[in-house]
Novice: 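Please read through the structure below; I'll follow up with questions.
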Protein chains: 2
Amino acid sequence: MSDAPTDAPTDPPREAPDDVSPHVPTDAPADPPREASLDVIQRELTAFARRARAAAARVHPEIPLVSYTLLSHIEDRRGCRATDLAAHYLLDKSTVSRQLAGLEKLGLVERRPAPEDHRVQVLHPTEAGLAVLATAQANRRAAYQERLKDWSGEDLDRFAGYLLRYNAAGPDGLPDPD
Amino acid sequence: MSDAPTDAPTDPPREAPDDVSPHVPTDAPADPPREASLDVIQRELTAFARRARAAAARVHPEIPLVSYTLLSHIEDRRGCRATDLAAHYLLDKSTVSRQLAGLEKLGLVERRPAPEDHRVQVLHPTEAGLAVLATAQANRRAAYQERLKDWSGEDLDRFAGYLLRYNAAGPDGLPDPD
DNA sequence: AAAGAACCGTTGTACTATACAACTGAAATC
DNA sequence: GATTTCAGTTGTATAGTACAACGGTTCTTT
């Protein structure tokens with residue numbers, strides 16, 4: 001995404017969630033409020049990304065962190081290749097290679113050369129890998145539940161829908177390969 | 001935030017934005033849909049953070065990147081101190097110190113010892129710093145406008161509101177210091 | 001089928017972003 | 001005035017990445 005949040009973090013939740021009129025958006029000239037919303041979205045998304053990053057390091061002391069993301073994808077797409085991961089996450093091959101090396105050393109993934117194509121490595125989570133994922137997943141879920149406990153089901157639903165829609169535009173506004 | 005997005009990236013926009021029923025949330029038992037929404041939110045937020053990070057590096061080749069975030073805050077809070085930045089972004093003093101050193105070397109910020117307290121450094125953006133910020137801000141805004149061009153004003157407004165609300169919980173679910 | 005192109009993954013090297021700990025200087029407290 | 005506390009810097013270490021150069025493999029093309 002060419003709109004990466006990388007700035008304008010000034011201070012996210014400074015103006016309470018009210019200054020974003022929940023209803024009078026398309027009434028007036030329609031353009032000013034639109035821009036205001038865009039700015040808020042940009043700023044908040046940025047703030048989120050920045051904090052997420054910082055927090056990430058604190059949350060998974062057990063596993064080298066980003067490897068975790070990859071492990072998760074490996075579980076989801078059993079038997080995927082390193083190249084798939086790189087393409088999916090917009091990472092360099094070398095980065096993935098090293099992350100996988102780490103995961104293997106930790107005994108969380110197995111990589112076996114594919115029988116059909118000897119260049120390719122087929123990736124699978126190990127028992128340990130699955131266990132780690134399960135635990136972390138549970139922790140995360142609990143954290144989100146706590147953070148969003150005051151939200152109505154309807155709000156959660158809509159928020160989820162918006163996020164899905166936002167992300168659906170793909171990594172760079174592109175159709176999202178993969 | 002203990003809910004840091006650090007995993008379950010499997011593949012964000014895989015299920016179209018429709019499988020999140022936009023209206024029938026609080027009707028049924030109310031619990032299953034809630035959990036589903038939570039999972040989606042968790043996953044999408046995670047996906048966003050991951051990609052944002054990757055994209056960030058591609059978007060601001062000009063300036064060492066994260067420094068950008070700090071510069072932005074410095075503009076917003078003229079005359080703030082390095083410690084303020086550290087506290088605000090949950091960064092170590094040393095990290096901020098080095099980032100600022102970089103920004104100063106690039107001529108984007110000035111730091112002067114405060115007259116009243118000789119330990120403190122008062123930070124100000126330079127002309128060049130303001131110019132860089134303005135340019136980047138324009139780029140970002142354009143990118144967001146493009147990405148969200150198909151959204152209705154009402155949806156933008158609501159999405160902005162949700163993000164604000166989400167972030168308002170603070171870096172860790174805490175009352176958000178600062 | 002031999003040559004060349006395309007591919008997959010690894011390794012060397014370099015850089016950003018961070019953290020933690022130790023240290024210097026300058027208030028503030030006692 | 002001695003101690004503690006606070007602001008920033010510097011040393012050292014680590015994660016995460018990228019890019020470029022390779023070493024095998026497989027697919028294409030003559």
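In what follows, every chain begins at residue 1, and chains take the letters A, B, ... in the order their sequences are listed. In this text the structure is predicted, and so the values were computed from the model without any measurement.
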Novice: What's the CG-P distance between B:Leu100 and C:dT16, to the nearest Å?
Specialist: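 Rounded to the whole Å, the gap is 16 Å.
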Novice: Take the protein atom CG of A:Asp84 and the nucleotide atom P of C:dG9, then report the distance between them rounded to whole Å.
Specialist: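 Atom CG in A:Asp84 sits about 8 Å away from atom P in C:dG9.
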Novice: Under 4.0 Å: is that the gap between some side-chain N or O of B:Gln121 and OP1 or OP2 of D:dT9?
Specialist: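 For D:dT9, OP1 or OP2 has a side-chain N or O of B:Gln121 closer than 4.0 Å.
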Novice: Do A:Arg165 and B:Asp155 sit within salt-bridge range, that is, some charged N less than 4.0 Å from a carboxylate O?
Specialist: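 Looking at B:Asp155 together with A:Arg165, the answer is yes, because their closest N to O distance falls below 4.0 Å.
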Novice: Under 4.0 Å between a side-chain N or O of A:Ser97 and OP1 or OP2 of C:dT10?
Specialist: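 Looking at the OP1 and OP2 atoms of C:dT10, one of them is under 4.0 Å from a side-chain N or O of A:Ser97.
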Novice: Kindly say whether A:Pro33 contributes a backbone atom to a donor-acceptor pair with the side chain of A:Ser37 at under 3.5 angstrom?
Specialist: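 Between the backbone of A:Pro33 and the side chain of A:Ser37 there is a qualifying donor-acceptor contact (under 3.5 Å).
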Novice: With nearest nucleotide decided by heavy atoms, which residue, B:Asp117 or A:His118, maps closer to the 5′ end of DNA chain D?
Specialist: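 Per heavy-atom nearest nucleotide, the more 5' residue is B:Asp117.
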Novice: Does D:dG8 have its OP1 or OP2 closer than 4.0 Å to a side-chain nitrogen or oxygen of B:Arg81?
Specialist: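 False: B:Arg81 side-chain N/O out of range (4.0 Å or more) of D:dG8 OP1/OP2.
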Novice: Charged N to carboxylate O under 4.0 angstrom, B:Asp39 versus A:Arg141?
Specialist: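 Here B:Asp39 pairs with A:Arg141 in a salt bridge, since their nearest N and O are under 4.0 Å apart.
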Novice: CG of A:Leu90 versus P of D:dG16: gap in Å, rounded?
Specialist: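 Atom CG in A:Leu90 sits about 17 Å away from atom P in D:dG16.
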Novice: Hey, does B:Ser94 reach any base, or is it just sugar-phosphate, or nothing, if we go heavy atoms under 4.0 Å?
Specialist: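 Answer is base: heavy atoms of B:Ser94 come under 4.0 Å of a base.
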Novice: Counting side-chain heavy atoms from CB outward, which of C:dA27, C:dA22, C:dC8 is closest to B:Lys93?
Specialist: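 Output: C:dA22.
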Novice: Nearest whole Å is fine: how far is C:dT11 P from A:Gln99 CD?
Specialist: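 Value for this atom pair: 15 Å.
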Novice: Check every strand shown and say whether B:Arg98 touches a base, only sugar-phosphate, or nothing at a heavy-atom separation below 4.0 Å.
Specialist: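 Base contact.
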Novice: Once you round it to whole Å, what is the distance between P of C:dT16 and CG of B:Leu103?
Specialist: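 Spelled out: CG on B:Leu103 to P on C:dT16 is 13 Å.
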Novice: Heavy atoms only, 4.0 Å cut-off, all strands: where does A:Asp92 land among base, sugar-phosphate and nothing?
Specialist: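 Answer is base: heavy atoms of A:Asp92 come under 4.0 Å of a base.
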Novice: Using the ring of B:Tyr166 (Phe, Tyr or Trp, six-membered ring only), decide whether A:Arg147 places NZ or CZ under 6.0 Å from its centre and within 45 degrees of its axis.
Specialist: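 Geometry flag: set, cation within 6.0 Å and 45°.
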Novice: Please report the distance, rounded to the nearest Å, between CD in A:Glu116 and P in C:dC8.
Specialist: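 My rounded result for the distance is 16 Å.
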Novice: Mind calculating the distance between CG (B:Leu70) and P (D:dG8) to the nearest angstrom?
Specialist: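 In whole Å, D:dG8 P and B:Leu70 CG are 13 Å from each other.
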Novice: Starting at CG of B:Leu106 and ending at P of C:dT16, how long is that distance when rounded to a whole Å?
Specialist: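 After rounding, the gap between these two atoms is 10 Å.
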Novice: For A:Thr95 and for A:Arg119, find the nucleotide of DNA chain C with the closest heavy atom, then tell me which residue's nucleotide is more 5'.
Specialist: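 Whichever sits nearer the 5' end wins; that is A:Arg119.
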Novice: Under 3.5 Å, is there a donor-acceptor pair linking the side chains of B:Glu110 and B:Thr126?
Specialist: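 Distance-only check fails for B:Glu110 and B:Thr126.
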